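Residue numbers start from 1 in every chain, and the chains themselves are labelled A, B, ... in the order their sequence lines are given, proteins ahead of strands. Only heavy atoms go into these numbers, but all of them, side chains included; no hydrogens, no water, no symmetry mates. Predicted, not measured: the structure shown is a model, and the values here were computed from it.
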Amino acid sequence: MTANDPVTLLRREVEAVATGIAGTLPSEPSLDPPDRPEHGDYATNAAMLVASSGGRQPREVADDLAAQLVERLGDSVERVEVAGPGFVNLFMSDRWFRESIASLFDSGGPKVGPVPDPRSTLVEFVSANPTGPLTAASGRHAAFGDSLARLLRATGHPVTTEYYVNDGGSQVEKFAESVIARMEGREPPEDGYRGAYVEELATRAAAEAVPADRVGEVAIGWMLDSIRESLERFRVGMDAFFSERSLYERGLVEEGLGRLEESGHTYESEGAVWLRTTEFGDDKDRVLVRSNGEPTYFGADVAYHADKIARGHTLLLDVLGADHHGYVARMAAAVESLGGGAAGFEAVILQLIHLVEAGEKTKMSKRAGDIVTLDALIDDVGVDAARFFLLERSHDRTIDLDLELARSKTSDNPVFYVQYAHARIRSIVRKAAEDGIEAAGALPEEPVDPSEKALLAEVLAFPAEVHEAAEKRAPHRICAYSTRLAAAFHAFYRDCKVVGIGDEELERSRLALCEVTGSTIRESLELLGITAPESM
RNA sequence: GCCCCCGUAGCUCAGUUGGAUAGAGCGCCGGCCUUCUAAGCCGGAUGUCGCAGGUUCGAAUCCUGCCGGGGGUACCA
């Protein structure tokens, strides 16, 4: 966070005083707007932290802290109170609020500063088999991975996003068999692919006279093209599509497995090559190379992760489905064996998603062809609503996506609530421009309205929210934050007229608050990949 | 059996590196448009935070055990 961020400056004062009292702080003290207005604009638990580590009475430390803060903060603060078990509550002065608005406006809104220890991060997500179109479930992965990448970039991490394409292996063969079967007018095999799209691919392959031995490769290419289109349409920025087959072609599988063998964590048994993943907490060892000499999916994936490390990434972040959770321990073991601590592996597990239509859940199975595709979901509810509904929940919760609600263009739909706040702001800004009013930091005589204070506090919270969401891999926090911010604006809109109130200084200050709120809503939505309309 | 996720208001869920009287949306009841967009705002009712112990100044949050729901447990990918 930047040095001129008013909340950061306040935090530094609190920490300086607390450190002066205690010597060192056991952990970073809180500095948050409390739930109840009578507890002030900001409250800190610093005194309780100091007391618990120093064996002093919390209230006594709090009194000391409060007195010194009054001294140091001067006319920024109205009064400081000690309350409850030892909270120190800060009531900021109107001057502080007005100057904060001015400072935010001058810097173009709250700035999310970089983390002190950026990590070159490779976010791998979706990576769905190119044997069928992306499903609504893939959509959750797409929205989540994309938004997480945006959050990590916003907090200063260099990020690359990748889709691992499983274009080798037995599923691809089954897929090719299925397409060929359709071309020849037969039913696909029992364990093959039976969706309508297989027939379309067969028709096209027949029309272009694709030879049977190339059908698999060609059909996979077509599927991949359509997957790229779907992702693009869903506003997902994928830097690269990494082909499994290319690993073999470039000799990377051999190289990666070779490095693993050098590490001394592999052994041969029953003709297969195993990785001793149990050394790193897995419940059994895993096969890297089958007894027939062919690497397993895991073996190739290890080579892929070895390549990620070779490319210089220090954090390998895999977004996986709940059905892959058993995979995490073995990949963590593999990266540990390879990297020697240089690169970290981290998996985020996304739980399942069900689409709910009129209270009824739809089941999704790719092989049976009984799927709702991502494209169909987008056609149905639109990109903005789809992304919001898929991002709204914590990654560890299953989602029941209510299609009826997502479709609705009414106030029930939370995404419109936030967008509407932005549109309202832009409308005010246009109106102000017509009247020749310019936003500016100003010190009007009028007292700061409680709605102005509440709104400013939410805007000021933005950088901390973004950092927390990035650290916790929690884009859903930005959904919640944007909703809170919008609500604070709507309340301000009711209480405080901006244009045409007579007091020019007040007009300028309020317009500045509108401007910084608008840009903060826009940036929040941008992190979610959702548009911020100028009007609705 | 073992592993992972969940259990908070009628419904869908936030909040979980311990902090003040546990929150939001929807739904329900009642108000607010001659004024910058009513896709909005304000007020009201609603809780054994799954159960039982433990840790301490303080537990929805940490520990242990149990109950219920979902997912996984391949020389498949």
Side-chain angles (χ1 to χ4, degrees), chain A residues 27-28 30 34-36 38-39 43 45 48-49 51-52 57-58 83-87 89 127-129 131 166 168-172 174 191 244 269-274 282-284 286-292 294-301 321-329 349-352 354 356 392-400 402 405 408-421 423-432 434-435 451 472 476-477 479-480 483-484 486-487 489-501 507 510-511 514 535-536:
Chain A
S27 60
E28 191 175 316
S30 66
D35 299 330
R36 312 175 69 79
E38 61 266 34
H39 293 150
N45 67 351
M48 289 181 285
L49 288 181
S52 66
Q57 287 299 317
F87 287 100
N89 297 332
S127 297
N129 279 354
T131 53
N166 304 133
S170 59
Q171 290 305 316
V172 172
K174 269 183 199 138
D191 58 350
E244 178 186 1
S269 173
E270 302 162 56
V273 179
W274 300 69
D282 201 0
D283 44 9
K284 59 181 179 184
R286 307 292 173 171
V287 173
L288 291 165
V289 184
R290 298 183 182 92
S291 47
N292 67 6
E294 231 180 277
T296 58
Y297 173 85
F298 176 54
D301 204 12
D323 53 342
H324 280 66
H325 93 262
Y327 198 72
V328 175
I349 303 296
L350 299 192
Q351 293 299 318
L352 304 178
H354 303 284
V356 178
E392 192 183 26
R393 304 284 173 238
S394 170
H395 68 84
D396 52 17
R397 282 198 95 97
T398 58
I399 293 179
D400 290 326
D402 185 335
L405 179 61
S408 73
K409 299 272 196 286
T410 71
S411 58
D412 301 350
N413 195 332
V415 68
F416 288 108
Y417 182 83
V418 180
Q419 291 181 317
Y420 183 60
R424 263 185 161 175
I425 289 169
R426 300 312 300 166
S427 174
I428 291 174
V429 170
R430 282 192 297 272
K431 176 87 175 166
E434 281 169 24
D435 290 13
S451 295
K472 293 187 167 166
H476 78 279
R477 284 178 164 270
C479 290
T483 307
R484 272 205 315 279
F489 174 75
H490 287 310
F492 163 83
Y493 180 88
R494 176 205 60 232
D495 293 336
C496 303
K497 200 163 183 317
V498 178
V499 181
I501 46 178
E507 266 183 330
R510 284 185 176 168
L511 188 58
C514 286
S535 64
M536 290 173 74

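- Counting any heavy atom pair closer than 4.0 Å across all strands shown, A:Ser535 reaches a base atom.
- Contact annotation for A:Glu270: base contact, defined as any heavy-atom pair under 4.0 Å involving a base atom.
- In this structure, A:Arg477 does not reach the B:A24 phosphate: none of its side-chain N or O atoms is under 4.0 Å from OP1 or OP2.
- The interatomic distance linking A:Asp495 (CG) with B:C41 (C1') rounds to 8 Å, in whole Å.
- Across the protein-nucleic acid pair, A:Arg484 atom CZ and B:C41 atom C1' stand 19 Å apart, rounded to whole Å.
- A:Asp282 and A:Arg286 are joined by a salt bridge, as a carboxylate oxygen and a charged side-chain nitrogen come within less than 4.0 angstrom of each other.
- Between A:Arg397 and A:Asp400 no salt bridge is recorded (no basic side-chain N to carboxylate O distance below 4.0 Å).
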**Prompt:** What does nucleotides 2-12 of chain B look like as a protein-contact string, B for base, S for sugar-phosphate only, - for none, at under 4.0 angstrom between heavy atoms?
**Reply:** -BSSSS----S

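- The NZ-P distance, from A:Lys497 to B:U34, rounds to 14 Å in whole Å.
- Nucleic acid contact for A:Lys431: sugar-phosphate only, since backbone atoms but no base atoms lie under 4.0 Å from a heavy atom of the residue.
- Taking atom CD of residue A:Gln171 and atom C1' of nucleotide B:A74, one finds them 12 Å apart after rounding to whole Å.
- In this structure, A:Tyr493 reaches the bases: a heavy-atom distance under 4.0 Å links it to at least one base atom across the strands shown.
- OP1 and OP2 of B:A38 both lie 4.0 Å or more from every side-chain N or O belonging to A:Arg494.
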Using a cut-off of under 3.5 Å, enumerate the N/O to N/O pairs linking the protein to nucleotides 19-21 of chain B.
unit_1, atom_1, unit_2, atom_2, d
B:A20, N6, A:Asn89, OD1, 2.7
B:A20, N1, A:Asn89, OD1, 3.3
B:A20, N1, A:Asn89, ND2, 3.0
B:A20, N3, A:His39, NE2, 3.4
B:U21, O2, A:Arg36, NH1, 3.1
B:U21, N3, A:Arg36, NE, 3.4
B:U21, N3, A:Arg36, NH1, 3.3
B:U21, N3, A:Arg36, NH2, 2.6
B:U21, O4, A:Arg36, NH2, 3.3

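- A:Tyr417 has a side-chain polar atom (N or O) that falls below the 4.0 Å cut-off from OP1 or OP2 of B:C41.
- As rounded to whole Å, 6 Å separates atom P of B:C75 from atom CH2 of A:Trp274.
- Base orientation for B:C51: anti, the chi torsion being more than 90° from 0.
- Counting non-hydrogen atoms under 4.0 angstrom, A:Ser291 reaches a base of the nucleic acid.
- Contacts of A:Cys496 with the nucleic acid, taken as non-hydrogen atoms under 4.0 Å apart, include base atoms.
- Residue A:Tyr420 places its side chain closer to B:A38 than to any other of B:A38, B:A77, B:G71.
- The separation between A:Tyr327 atom OH and B:C76 atom P is 13 Å, rounded to whole Å.
- For A:Tyr297, no side-chain nitrogen or oxygen approaches OP1 or OP2 of B:A77 to under 4.0 Å.
- For RNA chain B, the stems formed by at least three consecutive Watson-Crick or G-U pairs, with both atom-pair distances below 3.5 Å, span B:1-7 with B:67-73, B:10-13 with B:23-26, B:28-32 with B:40-44, B:50-54 with B:62-66.
- Under the 3.5 Å distance criterion, with hydrogens and angles disregarded, a donor-acceptor pair is assigned to the side chains of A:Ser394 and A:Asp396.
- Within 4.0 Å of A:His324, counting heavy atoms only, lies at least one base atom of the nucleic acid.
- Phosphate proximity of B:A38 to A:Arg424: present, with a side-chain N or O under 4.0 Å from OP1 or OP2.
- The aromatic rings of A:Tyr297 and A:Tyr327 sit tilted, their planes meeting at an angle between 30° and 60°.
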